[in-house]
Amino acid sequence: MAATGSGTSSGHPITVLTQDLVHKLPSQSPLLFAQKKAKNLSFETISQVLGRDEVAVAAIFYGQGRASDEDVAKLAQLLDIPEEKLRETEITGIPDRGRSMEMPPREPLMYRLYEIVQNYGYAYKAVINEKFGDGIMSAISYSTKVEKETDEKGEWVKITLRGKWLPYTRF
């Protein structure tokens, strides 16, 4: 199943793996990205085949998410990678989240996300604690979605973060 055109429904180019990241990522990453590029597939298209959110699929490609056995089978078929070859990688293992990125991040988009927390972190915490009490939002029982909105002022990124509320226990 190869996409045509630019590979994305938005008309923008697909994301490919840059060489500066290869040494920071697990062994499945170069395999997955090579075939994603060869077939000109977007994360949106791959996510539809896997039945998962596109951010979750991208996380698998970067080694920040764990693939299920079903994900591996579907990825192998879609990307024409022998399933055994994928299973020899860390794709179904425990993901290594966070170590591949320096803090603060230097990549501009990632830095802007970091900057949002720098500038508004205490405000988010205050408002959330007023609504829920003393606790934290889970990044484990969690989902996220990236959407594009367009209005008379231009294009807007809408990121939804949805985490289970975990109240601190009294001890």
Side-chain angles (χ1 to χ4, degrees), residues 1-114 116-117 136-148 155 157-166:
M1 175 179 185
T4 59
S6 68
T8 64
S9 62
S10 66
H12 295 289
I14 63 167
T15 301
V16 298
L17 183 60
T18 57
Q19 289 305 304
D20 62 319
L21 285 180
V22 171
H23 72 282
K24 296 179 181 181
L25 302 177
S27 60
Q28 76 265 16
S29 297
L31 289 169
L32 294 171
F33 274 105
Q35 288 303 102
K36 178 184 185 294
K37 181 179 178 182
K39 293 182 164 288
N40 196 33
L41 296 173
S42 67
F43 284 122
E44 178 184 31
T45 300
I46 298 167
S47 73
Q48 291 167 355
V49 172
L50 268 61
R52 296 190 65 179
D53 184 87
E54 59 194 308
V55 175
V57 172
I60 292 169
F61 275 61
Y62 284 101
Q64 296 172 316
R66 184 182 208 169
S68 69
D69 287 335
E70 183 181 354
D71 294 333
V72 173
K74 288 179 179 180
L75 282 168
Q77 182 177 7
L78 175 66
L79 299 174
D80 292 326
I81 301 172
E83 191 171 331
E84 309 75 49
K85 189 172 184 176
L86 269 182
R87 292 193 184 281
E88 290 171 1
T89 70
E90 300 88 358
I91 196 166
T92 60
I94 305 295
D96 184 11
R97 298 176 177 99
R99 288 195 317 173
S100 63
M101 183 187 305
E102 63 185 344
M103 292 304 285
R106 290 189 307 179
E107 198 286 325
L109 190 136
M110 286 187 241
Y111 182 80
R112 291 296 182 231
L113 293 171
Y114 175 79
I116 290 167
V117 174
I136 60 172
M137 181 181 92
S138 176
I140 297 168
S141 286
Y142 173 84
S143 63
T144 187
K145 185 175 190 131
V146 177
E147 297 172 277
K148 179 180 178 179
E155 295 180 339
V157 176
K158 179 179 175 184
I159 300 173
T160 303
L161 309 173
R162 183 176 181 266
K164 182 168 178 21
W165 184 250
L166 303 171

May I ask you to decide whether Arg66 forms a salt bridge with Asp71, counting only side-chain N to carboxylate O separations under 4.0 Å?
no
Using modelled atom types only, decide if a donor and an acceptor are shared between the side chain of Lys36 and the backbone of Leu17 within a distance under 3.5 Å.
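Judged by distance alone, no pair lies under 3.5 Å.
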Whether Thr92 side chain and Ser68 backbone form a donor-acceptor pair below 3.5 Å:
no
Minimal non-hydrogen separation, [X] against [Y], with atom names:
X      : Y      : value
Pro104 : Tyr114 : CB-CE2, 3.3 Å
Met137 : Gly163 : CG-CA, 3.5 Å
Lys37  : Ile14  : CA-CD1, 3.9 Å
Pro30  : Pro26  : CD-O, 3.4 Å
Gly65  : Pro95  : C-CG, 3.6 Å
Pro82  : Ala76  : C-CB, 4.4 Å

Nearest 0.5 Å please: distance from the [atom1] atom of [X] over to the [atom2] atom of [Y].
X      : Y      : atom1 : atom2 : answer
Leu79  : Phe33  : CG    : CZ    : 11.0 Å
Leu50  : Phe43  : CG    : CZ    : 11.5 Å
Ser138 : Arg162 : OG    : CZ    : 11.0 Å
Glu44  : Asp53  : CD    : CG    : 10.5 Å
His12  : Lys148 : NE2   : NZ    : 4.5 Å

Please check if the number of heavy atoms outside [X] that lie under 6.0 Å from its [atom1] is greater than 12.
X     : atom1 : value
Lys24 : NZ    : yes
Gln19 : CD    : no
Glu70 : CD    : no

Kindly write out the residues that satisfy salt bridge (Lys or Arg N to Asp or Glu O under 4.0 Å) with Asp20, not counting sequence neighbours, or none if the list is empty.
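Testing Asp20 for salt bridge (Lys or Arg N to Asp or Glu O under 4.0 Å), a comparison that skips the adjacent residues, returns none.
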Pick out which of Glu90, Glu84, Glu83 makes a salt bridge (charged side-chain N to carboxylate O under 4.0 Å, His left out) with Arg87.
Glu83
Which residue in the set Ile91, Thr89, Leu32 passes side chain to side chain contact (heavy atoms under 4.5 Å, CB included) when paired with Ser27?
Thr89
Can you check side chain to side chain contact (heavy atoms under 4.5 Å, CB included) on Tyr142 and Leu161, steps first, answer last?
CA-CA 8 Å; Tyr142 173 84; Leu161 309 173; 2.9 Å; yes
Determine whether Leu113 and Ile159 make a side-chain contact, defined as any pair of heavy atoms from C-beta on separated by less than 4.5 Å.
yes
Chi angles and distances behind the side chain to side chain contact (heavy atoms under 4.5 Å, CB included) call for Gln35, Asp80
CA-CA 7 Å; Gln35 288 303 102; Asp80 292 326; 4.1 Å; yes
In sequence, state the C-alpha distance, the side-chain angles, and the governing distance for Ile46 and Phe61, and then conclude on side chain to side chain contact (heavy atoms under 4.5 Å, CB included).
CA-CA 11 Å; Ile46 298 167; Phe61 275 61; 3.8 Å; yes
Residue pairs passing the ring pair (Phe, Tyr, Trp, His ring centres under 6.0 Å) test where at least one lies in residues 81-103, sequence neighbours excluded
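Output for this query is empty, none listed.
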Criterion side chain to side chain contact (heavy atoms under 4.5 Å, CB included) on Leu75 and Gln28, from CA distance to verdict
CA-CA 11 Å; Leu75 282 168; Gln28 76 265 16; over 6 Å; no
